[in-house]
> 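Dropping a structure here in structure tokens format, bear with me for questions.
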Amino acid sequence: MAVVSPVLVGRAAETAVLRSAYERAPVTVLITGEAGIGKSRLVGDALRDLPGDPLVLTGACLELGAEGAPYVPFVAVVRDLVRHLGLDAVRALLPVDGSALGDWLPGLGPAPAGYARTRLLEEVLALAGRVAEARPLVLVVEDLHWADASTRELFAYLARNAAGSVLLVGTSRAGGTPDRRLLAELGRRPDVVRLPLEPLAAPQVAELLAAIDGRPPEPERVRRIHGRSGGNPLFVEALSEAGEAPASLRELLLARVADLPEPLGELLSALAVSGGGTVESVLESVTALPPVQLGRALHDLAERRLVSARDERYEIRHDVLREAVHDALLPGERRRLHRRFAVALADHEPDGAALAEHWTAAGEPAAALPAAWRAAARAERQHAHDERLHLLGLILRQWDPAGPAAAETGLERGDVLEQAARAAFAAGRSARGIALATDALDELDRAAEPDRAARLLGLRGRLRQRVDGTGADDLAAAVALLPPGAPPGLRAELLSALAFVGIGGHRSGESRAAATEALRIADELDEDALRAPALLVLATLRGDRGDFAAARRLARQAGDEHTYLTTFQWEALRLGADGRYADAADLAQEGRAAAERLGHARSRGTMLAKAQAENLEALGRWDEAMAIVEDALAEGPPPLYAAALRLVAARIAAARGRTDRLEVLLRQLVEFATHAAGAEELKADIAVQRLEWASGRGEYEAADDILAEHLPAARESWMPPQAVRLAVAGARLQRARRAAAPRNRRVADAVAARLAELSALSAHGLDAHRLTVAAMTADELPAWDRAAAAWRELGQRHETALVLADAAARALASNNRPGARSRLAEARAIATDLGAAPLLARLDDLAHRGRLDGAPAEPAPGGFGLTARELDVLRVLARGRSNAEIAAELFVSVHTVNTHVARILAKLGVATRTEAAGRALEHGLR
């Protein structure tokens with residue numbers, strides 16, 4: 001008899017957390033821990049005897065076929081609901097015009113033809129809400145580490161949107177990609193409780209052993225078992241039963257089942273191969289046991305606590321035990337059992353992913369491929385793009401053009417490749433999609449099938465645009481390939497895609513021409529699905545908010561999710577360019593929510609995250625912006641989108657003085673820019689960041705080389721936001737160059753010429769950009785104040801503080817100390833709130849040089865008997881500055897500097913300025 005503790009030990013705090021979450025519903029609890037740590041046991045005990053008599057519905061993810069079988073645990077949840085309420089009662093809670101859940105359970109259907117992806121998500125949410133109106137509802141999804149992408153999406157969707165008395169509980173093995181991805185999809189929500197289960201401490205192991213043995217254990221036994229088990233409750237039980245034999249834990253687990261009589265051993269082996277459990281009718285076929293004998297055997301295994309029943313499915317109680325039994329089988333035994341399961345499932349689930357996986361594991365591709373093709377079609381109907389891609393990949397990996405599968409299905413490899421490329425596009429797997437589309441094109445005779453070749457070229461072009469901003473050549477070739485009699489709708493679709501790529505590649509004229517022709521065709525055909533993308537491109541080029549709204553409405557009505565989501569992104573970028581940062585951030589957030597709802601968090605969602613984060617950055621809401629960037633990067637977005645997110649993080653790191661982080665980000669960005677053939681808009685932003693980084697390090701000539709390299713393109717083809725950002729960064733650089741070489745006429749002339757160019761460039765931006773460059777050129781206090789007021793009105797706090805610092809310096813230079821003090825105070829308040837360390841250091845330096853910091857006049861310790869002000873003069877003098885230049889830097893008169901220099905020479909006992917400078921450098925005064 002397997003040993004199991006009759007009580008739950010060491011989880012009082014975790015139980016309290018789970019019960020508290022139930023009281024505060026709607027709440028989501030994600031329980032994580034290693035295999036055998038007791039996640040399911042905790043859930044079962046904590047949810048027992050809850051007040052309010054909640055309805056607890058449970059489903060579990062399956063290991064076998066997990067990548068290709070969408071929504072498995074939620075199908076189980078709905079089936080569980082039907083058992084509790086009855087079929088008619090559940091149907092009454094669903095839409096009267098048919099439910100998408102009919103694809104899950106035929107009794108709830110038929111499902112509508114061609115329903116949108118969101119309908120299924122919204123129906124599950126609405127169903128949960130209606131059930132919870134009558135009775136508190138607890139939804140438990142076990143083994144999320146095996147969850148398919150659609151299940152993770154639905155779980156996260158419920159977590160974000162559930163209302164009323166709904167407690168959502170998920171269990172998952174800690175760590176690993178699935179767990180990290182789910183945490184990213186849930187984000188940093190206050191209504192998501194993360195509950196990690198840690199190993200038991202030695203006293204808790206003693207308590208567990210006492211519960212198992214019925215008597216207190218000896219301390220030495222506790223020490224040995226705690227050490228060997230690592231505090232894992234399952235391993236403690238196994239060691240207790242095995243008498244601590246010197247064997248591996250895997251051997252200990254197998255020892256629990258080694259002496260099982262037949263047919264229990266055979267039945268346990270079958271359950272291990274099932275991949276997460278199966279129903280009794282399938283087990284009858286697999287084991288060939290009569291129903292009565294099978295029922296008795298299942299009951300015996302349950303009594304031994306080796307098997308549990310859940311949602312009419314029988315499964316081995318612990319994953320680690322199932323894995324040990326599975327791995328102990330000989331390869332031939334496993335193949336035979338997989339074949340039996342496939343034969344049994346052919347009648348039960350003919351279009352299920354598990355059928356294809358069992359045939360594959362049985363080594364019979366001729367049967368696996370048709371099953372995978374049927375399962376892929378089902379996944380497509382349910383908009384389960386990742387799962388469809390996995391199933392099509394399974395077909396491609398086993399493809400034999402001469403085999404019976406190809407003949408039976410009537411498929412060609414090119415058909416499968418094209419379908420897989422489209423699934424990759426929908427799933428946001430851009431690099432994979434490019435490879436698949438390229439293979440499909442290689443299989444194709446372009447002259448014989450020009451329409452199909454054009455479609456594939458267009459698909460590959462859009463995928464390449466996501467990766468590195470290229471793809472225009474593919475799209476142009478696709479348009480050119482279309483023969484005169486080609487469908488006009490296809491031509492319009494490709495032209496709009498070409499116009500899309502042109503926007504990000506600084507080819508406005510090309511985009512305008514392509515979009516205009518696409519819109520003309522759409523109007524002739526009177527098809528809103530074709531109007532939407534063309535209208536969006538034209539709205540972006542014209543900045544017409546009415547056109548943005550129209551494109552969004554048309555795209556939504558047509559079910560064009562890509563265009564619909566892009567309307568949010570591009571309008572937010574336009575609002576940000578107009579200085580409407582708060583409106584832009586709100587719109588991008590609305591778009592992100594839509595992307596999550598539609599299942600595009602990895603693709604369009606990450607670019608919307610970038611649009612939201614950069615506008616929050618402009619508003620000085622840097623912590624919020626960084627949280628959004630980190631969550632979006634955790635989604636594993638395509639390279640282009642990842643680089644755009646890192647650029648936002650780089651700007652914030654620079655403003656906060658986090659040099660190590662900035663250097664890492666810049667290396668990643670430069671690497672991307674070096675190898676990306678397109679992405680001109682992003683490369684422009686990267687160039688500005690490189691310029692600012694070099695300038696901040698005092699590498700003024702290198703920074704000016706960067707400016708000179710990009711100024712022609714900025715004037716001719718850059719979009720206004722990047723162009724004016726370059727103008728402001730370049731103007732700041734010129735002031736630094738001039739200050740570093742105050743007596744160099746060549747530099748002075750070059751600076752003047754550069755400022756004239758930058759002034760013309762800044763005219764394409766907001767008043768704040770133009771006024772800032774004008775102030776840097778004129779360097780007059782009223783000009784600085786006008787620039788500060790413009791930034792202040794926009795809510796751009798960091799730029800406001802930067803300009804105020806320049807204004808304070810100008811006020812000090814004109815001996816307007818009260819004016820300098822007030823401007824420094826405002827700038828300091830902003831910089832302190834933002835955590836802008838470099839700006840704070842500059843403000844401190846200004847206050848010190850202007851004697852606004854209350855520095856003492858008495859001799860400074862270790863300073864040759866010089867006063868603090870005399871030390872300041874000596875430091876500047878040591879850099880080779882003249883008295884006039886020292887006066888300008890320290891905001892004092894030349895006469896005052898003359899006096900200070902004379903006193904310095906006397907106190908140092910030297911005769912010349914050169915000797916004084918040498919003494920200063922010897923003692924590290926710089």
> Is a donor on one side and an acceptor on the other found under 3.5 Å between the side chain of Ser814 and the backbone of Ala811?
yes
> Run the salt bridge (Lys or Arg N to Asp or Glu O under 4.0 Å) test on Asp833 and Arg828 for me, step by step, so that the C-alpha distance in whole Å, both residues' side-chain angles and the decisive distance to 0.1 Å come before the verdict.
CA-CA 8 Å; Asp833 187 49; Arg828 174 172 290 283; over 6 Å; no
> Of the non-hydrogen atoms in Gly620 and Leu834, which two are nearest, and what is the gap between them?
O-CD2, 3.1 Å
> Restricting to side-chain hydrogen bond (donor to acceptor under 3.5 Å, both in side chains), what partner residues turn up for Tyr641, sequence neighbours left out?
Arg604
> Is the closest side-chain donor-acceptor distance between Arg592 and Gln612 under 3.5 Å?
yes
> In plain terms, say whether Glu701 and Arg737 are close enough for a salt bridge, that is, a side-chain N and a carboxylate O under 4.0 Å apart.
yes
> Is it true that the side chains of Gln734 and Asp704 contain a donor and an acceptor less than 3.5 Å apart?
yes
> With the threshold set at 4.0 Å, does a side-chain nitrogen-carboxylate oxygen contact exist between Arg160 and Asp191?
no
> Looking at Phe500, is Arg462 sitting on its ring face, NZ or CZ under 6.0 Å from the six-membered ring centre and within 45 degrees of the normal?
no
> Quick one about Trp791 and Thr772 (side-chain donor to acceptor, distance below 3.5 Å, no hydrogens or angles considered), yes or no?
yes
> Ignoring hydrogens and angles, tell me if any N or O in the side chain of Thr566 forms a donor-acceptor pair with the backbone of His562 under 3.5 Å.
yes
> Does Thr567 use its side chain to pair, donor to acceptor, with the backbone of Arg552 at less than 3.5 Å?
no
> Answer yes or no: is there an ion pair linking Glu571 with Arg574, defined by an N-O contact shorter than 4.0 Å?
no
> Can a salt bridge be assigned to the pair Arg690 and Asp705 using a cut-off of 4.0 Å between side-chain N and carboxylate O?
no
> Step by step, would you call Arg735 with Asp779 a salt bridge (Lys or Arg N to Asp or Glu O under 4.0 Å)?
CA-CA 10 Å; Arg735 284 172 54 80; Asp779 197 20; 3.7 Å; yes
> So, for Leu766 and Ala577, which heavy atoms are closest and what is the spacing to 0.1 Å?
CD2-O, 3.4 Å
> Strictly below 4.0 Å, N to O, side chains only: are Asp845 and Arg842 in salt-bridge contact?
no
> Any salt bridge between Glu614 and Lys610, counting N to O under 4.0 Å?
yes
> Using the rule given for salt bridge (Lys or Arg N to Asp or Glu O under 4.0 Å), can you reason through Arg792 versus Glu826, listing the C-alpha separation, both sets of side-chain angles and the distance that settles it, and then say yes or no?
CA-CA 11 Å; Arg792 194 183 292 114; Glu826 183 182 352; 2.9 Å; yes
> Counting C-beta onward and ignoring hydrogens, is there a side-chain heavy-atom pair between Trp570 and Val537 closer than 4.5 Å?
yes
> May I ask you to test the Phe672-Leu640 pair for a side-chain heavy-atom distance under 4.5 Å?
yes
> With a 4.0 Å cut-off, would you call Glu630 and Arg646 a salt bridge?
no
> Any non-hydrogen side-chain atom of Phe155 less than 4.5 Å from a side-chain atom of Thr28?
yes
> Salt bridge check: are Arg556 and Glu561 linked by an N-O gap of less than 4.0 Å?
no
> Would one find more than 12 heavy atoms of other residues, nucleotides or ligands at under 6.0 Å from atom CD of Glu793?
no
> Would you say that Val664 contacts Arg667 through its side chain, given a criterion of any heavy-atom pair below 4.5 Å between the two side chains?
yes
> Less than 4.0 angstrom from a charged side-chain N to a carboxylate O is my criterion; do Arg810 and Glu780 meet it?
no
